[in-house]
Amino acid sequence: MIVKLKKNSTKNKIKKLKTHIKSKGFEIHDSIGDSVHIFGVIGDTASFDIRNLYAFDCVEKVIRVQEPYKKVNRKFNQEDTIIDVNGVKIGGDNLTIMAGPCSVESEEQLDIIAKYVKKSGAKILRGGAFKPRTSPYSFQGMGEEGLILLHKVGQKYNLPIVSEIMDKDHIELFKKYVDIFQVGARNMQNFALLKELGKTNKPVLLKRGFSNTIEEWFMSAEYIMSEGNKNVILCERGIRTFEPLTRNTLDISTIPIVKKMSHLPVIIDPSHAAGVWDLVESLSMGSIAAGADGLIIEVHHKPEEAFSDGAQSLKPKKFDSLVKNVKTIATAVNKKF
Ligand code: PEP
Ligand code: MN
């Protein structure tokens with residue numbers, strides 16, 4: 001990190017600051033110019049709260065030059081991470097499509113949708129059993145019964161399952177039925193949950209919070225990885241902006257940024273970004289062209305009757321043509337289906 005000192009700081013104040021920094025185990029390289037005095041502070045500052053230095057009167061500016069995340073960082077792991085979910089690969093040159101309803105509603109509903117998405121080429125079945133609804137009066141999900149159905153239908157169609165977990169006390173329950181834990185946008189900074197998921201070895205699909213920076217998202221992934229679980233899949237699902245014509249704004253720039261800064265796979269959720277079904281295909285194609293490792297898409301055979309997110313759910317036929325078009329783009333960017 002670099003520390004810039006205020007002009008005319010007294011020697012005594014500078015000495016106090018230096019003693020403090022050295023006491024934390026860092027080395028200091030002084031650089032004194034005509035008008036500025038800066039320190040280069042050498043050492044591992046990942047666990048050091050650099051903002052604390054502003055408590056010293058002589059400090060004008062502190063700049064971090066090293067990223068605070070390590071396990072997520074491509075600098076410390078050059079190779080792309082490839083996650084294997086019962087033989088389905090996510091990351092590297094693989095393109096993986098996950099699809100299914102927003103919420104599990106019944107065995108019949110899930111079975112119909114699973115059959116369609118499997119036929120079209122989805123490799124993983126999604127479905128919410130514990131739903132993070134904005135209103136406490138909205139459908140909250142089928143709970144364990146929903147997980148049991150996911151497991152049953154997943155087995156029938158040979159599709160691994162991804163489902164959202166909201167509470168660390170549900171981890172043991174989810175372990176029985178689910179192949180990938182989904183952490184939703186609203187829980188991206190539920191650090192107690194992230195730490196406990198880090199103690200398991202099941203993959204975690206970590207959605208970006210709708211008001212979180214990319215660095216905060218990486219730090220949440222770091223929470224999981226620092227506990228030992230290396231199987232983290234990042235998922236961009238749109239962020240809040242001032243634009244009302246979409247539910248969220250898909251931040252497509254996350255894709256090349258994740259690829260540059262991290263070795264983890266990145267999946268795009270165009271459904272929650274768009275909020276309306278007729279934008280989903282364009283966002284999907286753009287995302288794959290930009291280098292995403294896959295998609296997670298909401299599909300419903302009767303979207304007008306869906307218990308949640310019907311507006312953004314694709315009918316099976318539309319999903320089928322989306323997959324075909326995405327395949328064309330995938331070939332152009334050297335991704336395997
Ligand atoms: C979902 O996947 O159904 C969901 C609630 O997603 P998000 O956390 O992105 O809102
Ligand atoms: Mn949804």
Side-chain angles (χ1 to χ4, degrees), residues 96-105 109-110 113-114 117 122 124-136 138-143 146-147 149-150 160-167 170 174 178-190 193-194 197 203-212 214 216-217 220-221 224 232-241 246-252 254 266-277 279-280 283-284 287 292 294-315 319:
T96 315
I97 297 193
M98 312 181 184
C102 177
S103 299
V104 180
E105 299 167 7
Q109 172 246 20
L110 191 61
I113 297 170
V117 299
I124 291 174
L125 179 63
R126 68 145 286 149
F130 292 84
K131 296 300 300 174
R133 305 306 300 281
T134 303
S135 164
S138 301
F139 176 61
Q140 302 288 305
M142 289 181 77
L147 295 181
L149 291 179
L150 279 165
I161 298 300
V162 57
S163 193
E164 177 166 357
I165 181 161
M166 298 197 289
D167 190 327
H170 288 165
F174 269 66
V178 157
D179 302 289
I180 305 174
F181 294 112
Q182 175 175 324
V183 175
R186 291 156 191 81
N187 274 303
M188 189 204 87
Q189 287 187 314
N190 180 342
L193 174 63
L194 301 179
L197 291 172
V204 180
L205 180 97
L206 176 66
K207 290 203 173 188
R208 178 181 175 192
F210 37 68
S211 298
N212 287 106
I214 296 173
E216 286 165 346
W217 186 28
S220 290
I224 300 167
V232 178
I233 304 154
L234 297 167
C235 177
E236 162 68 39
R237 47 77 75 208
I239 52 172
R240 270 216 173 140
T241 67
T246 50
R247 183 175 179 186
N248 292 284
T249 296
L250 179 65
D251 184 2
I252 207 159
T254 52
V266 60
I267 295 288
I268 297 298
D269 174 346
S271 307
H272 290 87
V276 280
W277 64 270
L279 301 182
V280 170
L283 298 185
S284 301
S287 301
L295 302 163
I296 180 163
I297 295 178
E298 287 185 340
V299 175
H300 202 294
H301 61 304
K302 286 185 186 163
E304 54 291 334
E305 281 168 33
F307 290 6
S308 59
D309 288 349
Q312 66 199 33
S313 299
L314 294 183
K315 287 187 181 157
F319 175 70

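Below, each value reflects all heavy atoms present in this structure, side chains not excepted, and no hydrogens, waters or symmetry copies. Since the structure is predicted, the reported quantities are computational estimates derived from the model, not experimental observations. Along the sequence shown, residues are numbered consecutively beginning with 1. Order of listing sets the numbers, starting from 1, for every ligand and every atom in it.
Taking only non-hydrogen atoms, the option from Arg247, Arg133, His272 nearest to atom 1 (C) of ligand 1 is His272. For atom 3 (O) of ligand 1, the candidate residues are Lys131, Gln182, Glu164; the nearest heavy-atom contact is made by Lys131.
Backbone and side-chain nitrogen or oxygen atoms of Asp309 are examined, and none is located within less than 3.5 angstrom of a nitrogen or oxygen of ligand 1.
How far CG of Asp251 is from CD1 of Ile214: 5.5 Å, rounded to the nearest 0.5 Å. The line from CD1 of Ile296 to CE of Met98 is 6.0 Å long, rounded to the nearest 0.5 Å.
Asn187 places no side-chain N or O within donor-acceptor distance of the main-chain N or O of Asn190, the cut-off being under 3.5 Å.
With ligand atoms numbered from 1 in the order given, ligand 1 contributes 3 (O) to contacts under 4.0 Å with heavy atoms of Glu298. Residue Arg126 has at least one heavy-atom neighbour below 4.0 Å for each of these atoms of ligand 1: 1 (C), 2 (O), 3 (O). Below 4.0 Å from some heavy atom of Gly184 lie the following atoms of ligand 1, by number and element: 8 (O).
Among Arg237, Lys207, Arg208, the one residue that satisfies the side chain to side chain donor-acceptor pair (under 3.5 Å) test with Asp269 is Lys207.
A salt bridge links Arg126 with Glu298: the closest approach of a Lys/Arg side-chain nitrogen to an acidic carboxylate oxygen falls below 4.0 angstrom.
Side-chain contact between Phe130 and Ile165 is absent, with no heavy-atom pair separated by less than 4.5 Å.
The angle Glu298:OE2 - the Mn ion (ligand 2) - His272:NE2 amounts to 90°, with values rounded to 10 degrees.
Distances from the Mn ion (ligand 2) to each N, O or S atom of Asp309 single out OD2 as the nearest.
Between the side chains of Gln140 and Arg133, no donor-acceptor pair of N or O atoms lies under 3.5 Å. Side chains of Glu305 and His300: a donor-acceptor N/O pair is absent below 3.5 angstrom, by distance only.
From the protein, the heavy atom lying nearest to atom 9 (O) of ligand 1 is Arg237 NE, 2.6 Å. Atom 6 (O) of ligand 1 has Lys207 NZ, 3.0 Å as its closest protein atom, hydrogens excluded (heavy atom only). When only non-hydrogen protein atoms are considered, atom 8 (O) of ligand 1 lies nearest to Ala185 N, 2.8 Å.
Heavy-atom separations between Cys102 and ligand 1 include at least one value shorter than 4.0 Å.
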